[in-house]
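Nothing fancy with the numbering, it's 1 onward along the sequence. None of the values given here were measured: they were computed from a predicted structure.
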Amino acid sequence: MEHRSRFNQVPEKTDLDRDFDGIQGVTAILKSAHTGLRCDKRDLDFRRHYFGPNKFDAPPSSSFLRLFLEAFTDKTIIILCVSAIISIILSEVFPSHEIGDPPGWIEGTAILISVVIVTITSSMNNWTQERQFRKLNEQQKARSVAVYRDGEPATISIFDLVVGDVVKLAQGDALPADGICIHAVNLSADESTMTGESETVRKSPENDCFLLCGCKIAEGSGLMLTTAVGMNSQFGKLKAMLSKPREDTPLQVKLGKVANIIGLVGLAVAVVTFIVLLVQWIIKAVAGWDPAMLARLMRHFITAITIVVVAVPEGLPLAVTIALAFSMQRMLKDHNLVRRLESCETMGGATTVCSDKTGTLTMNKMTVVAGFLAGTFYEDARALRLDQLPPGFVDLIAESLSVNSSTELVELTDAEAGATGAAGKLTAKDQATVARARAVKGPKVQGNMTEGALLIWVKNVLHLEYGPIRAAQRLIQQWPFSSAQKKMATLVDRGEVARLHVKGASEWVTKSCTQMLTGTGVAMLTPGAMCDINKTIDRSGLLRAAHTDH
């Protein structure tokens, strides 16, 4: 498998050009293209088999038999077993002659049976807990990745990503695999997780084009050709070298300390009890010796050991772990995924939650509801009629919102729309369900939700499709949105002039404008008019869009 990820071992861009004839050569070797792979199941399965799946190997889990045998390494269990065996031997060698006493072997056998039952229960709980955590880990790692298949944008599971896929990158994305940057718009990556360097690294096809799994896109957007997935990626190799068993959570550590303290108290009580019983036994032995008294002494010792076993709450940390894992499963059913078990403990002690509203406390779905268009404020932009806008304004605003965006709208698949039949073999009922779901839910936004809401508004209100508008423009340069600039800009070539489309926070965009388009034409943007516009926009929380021709 090592030679199958050799693109991933090229240290410099010059070596990539020399050994593989550059990015185009790698693309040709992988039988891919800038438009992505073909939706050919046989080809995708072959790539998954040949280059490996995009999954990281989990450490081997302990079998039930191994957990059962490990339970017998506990010192208390060992002392109980030895004591029970000695008790059985002494009771058989020196049987009790007192009337009404049960056979001596019953007590020792009962202890052994109890030890086996407790050990089996503990092992079963540990084994169940391990399975629950493996299942949760699989669910927490699952996420969607934006790729291109057959030249069209598509959303797939990260586990379905294969070598040769073209991944769409946006600010804040975590790289799902290793790859090569084939297109970049002010693209920067945070590689601190792999290199330890806090400075972001500028990425482009011409210079530093290598992208590493696990790193995050700090700024910009672009496309990545996947060259290594799963355990063949640099992150996978590092994970294999540094893999270690899961550590106890802070609550489990504290409960372990509490259990030790309770165990010490129980041990002290057991010692006192044994001393009292021993004194009583010595007094009776001095009064009259009987060989059967050795078995009685052993019973006193077993009584003391039993006090220790009962006092030590060894199952307390395990019980809390199982309860937390069960809670995580219940929360998962409510679409609330907890990635780390200690998060439940942290939230349990929280008194105040400070959270971002959009996408966290809401459904992460946005809709254009109001607008300030051509000098007029519309409280309900969804009911806007095209005849209310001046001539040429519809095409201009549609061009601005379509071109100055990197978001895509993807129709819901039949399965996502609620169809139960196989693809291409839908019943009339399924077809009606799919049509109704697509009409009610609308397209799925692939990218920024705010940009997606604007594109949906262009489609539903302006009755225009963003795809043909975007394809008709020749892109010169694009500056993605950043928290520092608070705006996004796109420069397009319109033949005789170059047009710059800008959108962003109103106060940042407005201060760069000198004119505004009204219902009667272009008007100068005076300080008074600018103040009135900002008040209207700030009161309604509107986004600002502008353009200029040069």
Side-chain angles (χ1 to χ4, degrees), residues 62 64-127 129 248 251-323:
S62 300
F64 175 78
L65 179 60
R66 182 177 178 180
L67 293 173
F68 179 73
L69 296 177
E70 286 180 352
F72 279 96
T73 60
D74 184 78
K75 293 181 180 179
T76 307
I77 297 295
I78 293 175
I79 293 175
L80 271 178
C81 292
V82 172
S83 302
I85 293 173
I86 295 176
S87 176
I88 293 174
I89 294 174
L90 291 177
S91 63
E92 292 298 321
V93 176
F94 306 105
S96 176
H97 300 291
E98 296 183 9
I99 300 175
D101 281 354
W105 58 268
I106 290 181
E107 186 173 344
T109 304
I111 293 175
L112 290 177
I113 293 175
S114 300
V115 167
V116 171
I117 292 175
V118 170
T119 305
I120 290 177
T121 304
S122 176
S123 303
M124 180 64 71
N125 287 337
N126 283 329
W127 185 65
Q129 175 196 9
D248 290 339
L251 179 59
Q252 288 175 309
V253 174
K254 291 181 180 179
L255 289 176
K257 293 180 179 178
V258 172
N260 291 334
I261 294 174
I262 297 176
L264 292 175
V265 174
L267 179 62
V269 173
V271 171
V272 172
T273 302
F274 181 71
I275 291 175
V276 172
L277 293 175
L278 180 63
V279 171
Q280 183 184 19
W281 180 83
I282 293 174
I283 293 173
K284 290 184 178 180
V286 172
W289 171 254
D290 184 358
M293 294 183 68
L294 291 175
R296 187 176 300 170
L297 176 63
M298 182 55 61
R299 284 200 296 271
H300 294 337
F301 180 72
I302 292 176
T303 301
I305 296 299
T306 303
I307 293 175
V308 176
V309 173
V310 173
V312 176
E314 294 178 334
L316 182 59
L318 176 63
V320 173
T321 301
I322 293 176

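- Closest non-hydrogen pair, Phe274 versus His300, comes out as CD1-O, 3.8 Å.
- Considering Ile275, Val276, Val269, Val271 in turn, Val269 is the only one that fulfils the side chain to side chain contact (heavy atoms under 4.5 Å, CB included) rule with Thr273.
- Taking the side-chain contact (heavy atoms from CB on, under 4.5 Å) definition, one finds that Ile283 meets it with Val279, sequence neighbours left out.
- The side-chain contact (heavy atoms from CB on, under 4.5 Å) test applied to Val116 returns Ile120, not counting sequence neighbours.
- Every side-chain contact (heavy atoms from CB on, under 4.5 Å) that Leu65 has, sequence neighbours left out, goes to Ser63, Leu69.
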